[in-house]
Asker: 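One structure follows; several queries about it will come next.
Residue numbers begin at 1 in each chain, while the letters A, B, ... track the order of the sequences.
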Number of protein chains: 2
Amino acid sequence: MANRFDTKTRILDAAERLFAERGFSETSLRLITSKAEVNLASVNYHFGSKKELIRAVLARYLDVFMPAASQAINTQRKLEQQATLEQIFSSLVGPLLKLNQLCPDGTRTFLQLLGRGYIESQGHLRWFITSHYGEHLQTFVRAVTESVPEIPAADIFWRLHFTLGTVVFTMASADALMEIAAADFAEQNDIAAVIRKVIPYISAGVAVSGK
Amino acid sequence: MANRFDTKTRILDAAERLFAERGFSETSLRLITSKAEVNLASVNYHFGSKKELIRAVLARYLDVFMPAASQAINTQRKLEQQATLEQIFSSLVGPLLKLNQLCPDGTRTFLQLLGRGYIESQGHLRWFITSHYGEHLQTFVRAVTESVPEIPAADIFWRLHFTLGTVVFTMASADALMEIAAADFAEQNDIAAVIRKVIPYISAGVAVSGK
DNA sequence: GTCTATAGGTAGATAGAC
DNA sequence: GTCTATCTACCTATAGAC
């Protein structure tokens, strides 16, 4: 088990799990390296700093998800003359769930990391994401705009940010929420179930008429 | 009314601003006491520990907001036989905006603190909030449940947490969002305007039929 | 109540042997 | 590339003078 993967990968695997569970600032390099069973100094040798390790963890997912997501949206576009909002949001579910092949629990890990990334770290990660994956993000915004042409661009801007907040906060607290739902409502949910619950919510919110 | 130059109040004022901006774990007692221009040791003298300071910061807002919110909901209830979701959410706007009298930017600060409290600190603050203000929360949940009786309780649970995420994230990024809206769409918004935009969004999401 | 001084711990990062 | 050992910085918390 010890040398099953190279050190760099072992660090990434341990770090993403701990970052997703506990957040970035609550996860020390000592904790990461002890879980990964590698030496403390190897993080700085392979990644330079903790900040760059965080970016590397996110990039490993974004590099897979972002192209897959914009491709799924473009495929959707060719099938339907006018895709509904639910169809657009739903077309992201495939690329999201495919992340489970990258890593066990990959979907949940990725979304939690994304949430932490937007909330923690004074916007550094926000900038990293929009600057490195801006083209894919635009594909998405354009598809949404076309699907609800009656909504003014300014309202779409606001509502997509409301949506980002919904998803990001939900994913950051997903573990706690699933636990409460299990205790209070005897519901056994996984991350796919939570995604299925949130899609009607955000679709209705973005499409609602009137101020 | 507490003395503005009282050490305890100075600590609370500095702490809430920094906690809201940077998060709890990213804010050291040294930073708080230097901004408050008080001695480092005074935090432990007045509050015992950092953890209790965090609770005190939140409590100062919750003690004002929670009773005002549940009273507003009960007043609403007497006026309307069956309040709509938009009416229920709108009845919270008054109590929320009144927090600006407590402190400049009180509304935004409170909502940011609430978001941090739910995401950081491994559920300690979540427990604190639900155990100390559970009765007021129940008033709210009950009003929502009655206004959409066709929605199962478990779905209401999920959708109210989606809503919490929407509001909290939006408030956390409110400055950046209002700036972008001004530049890109020539819109001049304040916090009250953002709240008016978010109410239709969350109302539609909570009320949407179907899974 | 407020201060100085410091204890006692943990963080990220690095030098240098191997 | 990997290790040990260590540096520097910062953290929360407290003891004790005033």
Asker: On DNA chain C, does the nearest nucleotide to Tyr45(A) precede the nearest nucleotide to Leu31(A) from the 5' side, or the other way round? Give the residue.
Answerer: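 The residue mapped nearer the 5' terminus is Leu31(A).
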Asker: If I take atom CD in residue Glu37(A) and atom P in nucleotide dC3(D), what distance separates them, rounded to the nearest angstrom?
Answerer: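 It is 11 Å, rounded to the nearest whole Å.
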Asker: To the nearest angstrom, how far is Ile32(A) atom CD1 from dA13(C) atom C1'?
Answerer: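 To the nearest whole Å, that distance equals 14 Å.
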Asker: Using a cut-off of strictly less than 4.0 Å, decide whether Ser28(B) has a side-chain nitrogen or oxygen near OP1 or OP2 of dC11(D).
Answerer: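 Affirmative; the distance criterion is met.
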Asker: From the set dC3(D), dA13(C), dT4(C), return the single nucleotide nearest to any side-chain atom of Asn39(A).
Answerer: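 In terms of side-chain proximity for Asn39(A), the closest of dC3(D), dA13(C), dT4(C) is dC3(D).
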Asker: Check the distance between dG16(D)'s C1' and Leu40(B)'s CG and give it to me in whole angstrom.
Answerer: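 Rounded to whole Å, this separation is 16 Å.
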Asker: Atom CG of Asn44(B) and atom C1' of dC11(D): how far apart are they, to the nearest Å?
Answerer: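 Spelled out: CG on Asn44(B) to C1' on dC11(D) is 12 Å.
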Asker: Side-chain N or O of Thr7(A) versus OP1/OP2 of dT2(D): is the shortest distance under 4.0 Å?
Answerer: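 Answer yes for this pair, as a side-chain N or O of Thr7(A) is under 4.0 Å from OP1 or OP2.
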Asker: Are the side chain of Lys197(B) and the backbone N or O of Arg159(A) linked by a donor-acceptor pair below 3.5 Å?
Answerer: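 Not confirmed, Lys197(B) side chain does not pair with Arg159(A) backbone.
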Asker: Of all the nucleotides listed (dG12(C), dT14(D), dA13(D)), which has the minimum atom distance to the side chain of Ala41(B)?
Answerer: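 Looking only at side-chain atoms, Ala41(B) lies closest to dT14(D).
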Asker: From C-beta outward on His46(B), which listed nucleotide comes closest to its side chain: dA13(D), dT2(C), dT2(D)?
Answerer: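 Selected nucleotide (nearest to the side chain): dT2(C).
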Asker: Reading DNA chain D from 5' onward, which residue's closest nucleotide shows up sooner: Val38(A) or Phe24(B)?
Answerer: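 Comparing both residues, the 5'-ward one is Val38(A).
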Asker: With a 6.0 Å cut-off on ring centres, are Tyr201(B) and Phe162(A) close enough?
Answerer: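 So the answer is yes for these two rings.
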Asker: Nearest to the Leu29(B) side chain among dT2(D), dG12(C), dA13(D), which nucleotide is it?
Answerer: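 Closest of the options to the side chain of Leu29(B): dA13(D).
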Asker: What's Thr27(A) touching, base or sugar-phosphate or nothing? Going by heavy atoms closer than 4.0 Å.
Answerer: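 Result for Thr27(A) = sugar-phosphate.
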Asker: Just how far, in rounded Å, is P of dG9(C) from CZ of Arg30(A)?
Answerer: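 Distance check: Arg30(A) CZ to dG9(C) P gives 14 Å.
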Asker: Under a plain distance cut-off of 3.5 Å, with no hydrogens placed, do Ser25(A) and Ser25(B) share a side-chain donor-acceptor pair?
Answerer: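 Per modelled atom types, Ser25(B) and Ser25(A) side chains form a pair under 3.5 Å.
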Asker: Rounded to whole Å, please give me the gap between CZ in Phe47(A) and P in dG1(D).
Answerer: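 Phe47(A) atom CZ is separated from dG1(D) atom P by 12 Å.
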Asker: In terms of side-chain geometry, is the basic nitrogen of Arg10(B) or Asp13(B) positioned less than 4.0 Å from the acidic oxygen of its partner?
Answerer: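 No, this pair does not count.
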Asker: Compute the centroid of each ring, for Phe157(B) and then for His161(B), and state whether the two points are separated by less than 6.0 Å.
Answerer: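 Ring centroids of Phe157(B) and His161(B) are less than 6.0 Å from each other.
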Asker: Starting at atom NZ of Lys50(A), determine the distance to atom C1' of dA13(C), rounded to an integer number of angstrom.
Answerer: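 My rounded result for the distance is 12 Å.
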Asker: Take atom CZ of Arg10(B) and atom P of dG1(C), then tell me their distance rounded to the nearest Å.
Answerer: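 Result: 15 Å.
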